[in-house]
Protein chains: 2
Amino acid sequence: MARAIITAERLALAAAEVADEIGFEHVTGSAVARRLGVKEPSLYAHIANARELKVRVALLALEELAARAAGALAGRAGRDALVAFADAYRRYAREHPGRYAAARFELDPETAARSAGPRHSEMIRALLRGYDLPEPDQTDAVRFLGGAIHGYVSLELAGGFQHTPRDADASWAWALDTLDLALRCRSTG
Amino acid sequence: MARAIITAERLALAAAEVADEIGFEHVTGSAVARRLGVKEPSLYAHIANARELKVRVALLALEELAARAAGALAGRAGRDALVAFADAYRRYAREHPGRYAAARFELDPETAARSAGPRHSEMIRALLRGYDLPEPDQTDAVRFLGGAIHGYVSLELAGGFQHTPRDADASWAWALDTLDLALRCRSTG
DNA sequence: CTTCCAGGCTAATACAATTAGGCAAATCGT
DNA sequence: ACGATTTGCCTAATTGTATTAGCCTGGAAG
């Protein structure tokens with residue numbers, strides 16, 4: 001090995017930082033190269049194309065987010081687990097908007113399968129065990145909850161709520177209450 | 001006037017078609033120019049820059065979506081209204097994935113204010129009148145419902161549900177039932 | 001009929017993406 | 001220690017998108 005300046009990890013991290021600063025859609029080879037202190041063509045020894053830059057960020061984000069969500073879930077159940085889990089998403093999205101956007105980047109099926117993506121669904125499924133839903137509803141509830149959390153967070157992140165004065169945290173608490181309520185209504189057949 | 005080949009409307013429509021075909025993020029000046037049968041620089045007589053191409057698609061999509069949602073809402077109330085409204089979103093997203101993605105494009109505040117965007121919130125607010133929620137919850141519910149619908153639709157559109165065999169329409173019906181249930185639980189104080 | 005102008009065209013520049021081939025430093029076998 | 005090899009970034013060159021500047025033409029107006 002010669003002097004290792006660029007590694008896959010450094011590259012992904014640099015790209016993630018760029019994403020958080022200027023937005024995921026503006027992650028560009030030159031911006032990442034500049035941040036790493038190398039020339040743009042040097043990147044192509046480590047990635048196949050510009051798309052892979054974004055894929056790396058997506059994988060990093062899914063991983064980080066899964067780790068946070070898992071931490072939030074640890075030792076909690078029922079409503080507590082739901083709130084902690086959803087809060088982990090929301091906090092991550094606020095701290096790392098570019099990475100959060102990256103987590104929704106469309107990966108090809110094999111890559112997606114190897115990513116931390118499926119772990120997210122598994123965690124939601126685990127979370128839902130606290131609500132013992134009838135068997136056939138499990139999958140529906142995973143989709144519903146995943147959609148609801150992501151939808152709320154992404155709308156809030158996009159600034160869609162700024163035109164009404166209502167406090168953001170209060171609305172969020174209301175949404176979580178409502179989700180909890182809905183799931184409890186659904187439970188026990 | 002000389003032969004009017006490009007108009008603002010044609011341009012937006014062409015860009016929207018490109019978006020639906022190859023994805024909103026790949027809407028490019030040359031693709032739109034090709035479709036219109038003109039050379040790329042000719043576009044700049046009608047738009048300021050490439051970003052405006054996307055803005056036009058976003059505005060078109062918000063408008064179309066608002067129209068469909070309004071039609072869905074007409075003459076309905078309560079659960080019926082909720083289902084029709086949400087279905088309108090989901091159907092639009094399936095028929096026009098590129099435009100649906102465009103509807104989430106971040107507009108500058110003034111443009112957003114003049115767009116059909118605010119009408120969407122108003123419609124949700126109107127829809128919620130069928131659930132008479134206590135006053136202070138109104139805004140929270142708008143955010144919650146908007147987020148839930150958008151989140152579910154965008155996750156489904158991204159193919160996030162394909163790894164489980166469960167029927168998509170059944171899951172969707174479950175989600176709508178659950179939303180209705182949650183809102184009814186919240187109603188009347 | 002001639003003048004003007006809307007509306008698209010060609011030419012030219014800048015930046016992002018990508019490929020090809022070079023050069024130096026670190027490594028390895030002897 | 002020493003040359004062969006490999007590793008890892010660099011320069012140069014190509015293509016495509018974004019954008020500006022200035023030209024050219026056909027029809028509207030007088």
Side-chain angles (χ1 to χ4, degrees), chain A residues 1-60 97-99 101-102 105-108 111, chain B residues 1-61 98-99 101-102 105-108 111:
Chain A
M1 279 166 254
R3 76 244 109 130
I5 296 189
I6 304 182
T7 65
E9 290 74 26
R10 275 171 184 279
L11 194 149
L13 188 59
E17 290 168 354
V18 169
D20 285 336
E21 287 169 13
I22 63 175
F24 179 62
E25 57 274 71
H26 299 124
V27 170
T28 184
S30 46
V32 174
R34 206 175 314 127
R35 172 172 296 258
L36 287 170
V38 300
K39 298 293 178 161
E40 199 178 343
S42 304
L43 299 178
Y44 290 86
H46 304 273
I47 56 173
N49 48 46
R51 183 176 195 279
E52 192 173 335
L53 219 55
K54 300 194 172 184
V55 171
R56 294 286 174 99
V57 181
L59 294 174
L60 174 68
R99 299 181 205 201
F105 187 65
E106 194 132 2
L107 303 170
D108 59 292
T111 309
Chain B
M1 279 168 255
R3 76 243 111 127
I5 296 190
I6 304 181
T7 65
E9 290 73 27
R10 273 171 187 280
L11 194 150
L13 187 59
E17 289 168 355
V18 169
D20 285 335
E21 287 168 14
I22 63 176
F24 180 62
E25 59 275 62
H26 299 123
V27 170
T28 184
S30 46
V32 174
R34 207 175 314 125
R35 170 172 297 258
L36 287 170
V38 300
K39 300 292 178 160
E40 199 179 345
S42 303
L43 299 179
Y44 289 85
H46 304 272
I47 56 173
N49 49 43
R51 183 176 196 278
E52 193 173 333
L53 221 53
K54 300 194 173 182
V55 171
R56 296 286 175 101
V57 181
L59 294 174
L60 174 68
R99 298 180 205 202
F105 187 64
E106 193 132 3
L107 303 170
D108 59 292
T111 309

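So you know, we letter chains A, B, ... as the sequences are listed, proteins then strands, and number each from 1.
At the heavy-atom level, B/S42 lies under 4.0 Å from base atoms of the strands shown. Residue contacts shown for B/H46 are limited to sugar-phosphate atoms, with no base heavy atom under 4.0 Å away. Residue A/A50 is in sugar-phosphate contact alone, with no base atom involved, counting any heavy-atom pair closer than 4.0 Å across all strands shown.
If you measure from atom NZ of B/K39 to atom C1' of D/dA18, you get 16 Å, rounded to the nearest angstrom. Rounding to whole angstrom units, CG of residue A/L43 and P of C/dA17 are separated by 10 Å. The nearest whole Å value for the distance from the OH atom in A/Y44 to the P atom in C/dG21 is 18 Å. Between the C1' atom of C/dT18 and the CG atom of A/L53 lies a distance of 13 Å, rounded to the nearest Å. Atom CZ of A/R34 and atom C1' of C/dA16 are 11 Å apart (whole Å). Rounded to whole Å, the distance from NZ on A/K54 to C1' on C/dA16 is 12 Å. In this structure, the CD1 atom of A/I22 is 14 Å from the C1' atom of C/dC15, given to the nearest Å. When the C1' atom of D/dG8 is taken as reference, atom CD1 of A/I6 falls 8 Å away, rounded to whole Å.
Residue B/T28 has no polar side-chain atom (N or O) positioned under 4.0 Å from OP1 or OP2 of D/dG16.
A/T28 places no side-chain N or O within donor-acceptor distance of the main-chain N or O of A/A31, the cut-off being under 3.5 Å.
For A/R56 and A/E9, the salt-bridge test fails: no basic side-chain N is under 4.0 Å from an acidic carboxylate O. Taking 4.0 Å as the cut-off between side-chain N and carboxylate O, A/E21 and A/R35 count as a salt-bridged pair.
In this structure, of D/dT11, D/dT19, C/dT18, it is C/dT18 that holds the atom nearest to the side chain of A/E40. Here C/dG8 is the nucleotide among D/dC9, C/dA17, C/dG8 with the atom lying nearest to any side-chain atom of B/I5. Taking every side-chain heavy atom of B/V38 into account, C/dC9 is the closest of D/dC10, D/dT19, C/dC9. Distance from the side chain of A/S30 is smallest to C/dA16 among C/dT10, C/dA16, D/dT11. Of the listed nucleotides (C/dA17, D/dA12, D/dC9), D/dA12 has the atom at the smallest distance from the side chain of A/P41.
Separating the CG atom in B/L11 from the NE2 atom in B/H46 is a distance of 7.0 Å, to the nearest 0.5 Å. From A/K39, atom NZ reaches atom CZ of A/R34 across 10.5 Å, with rounding to the nearest 0.5 Å.
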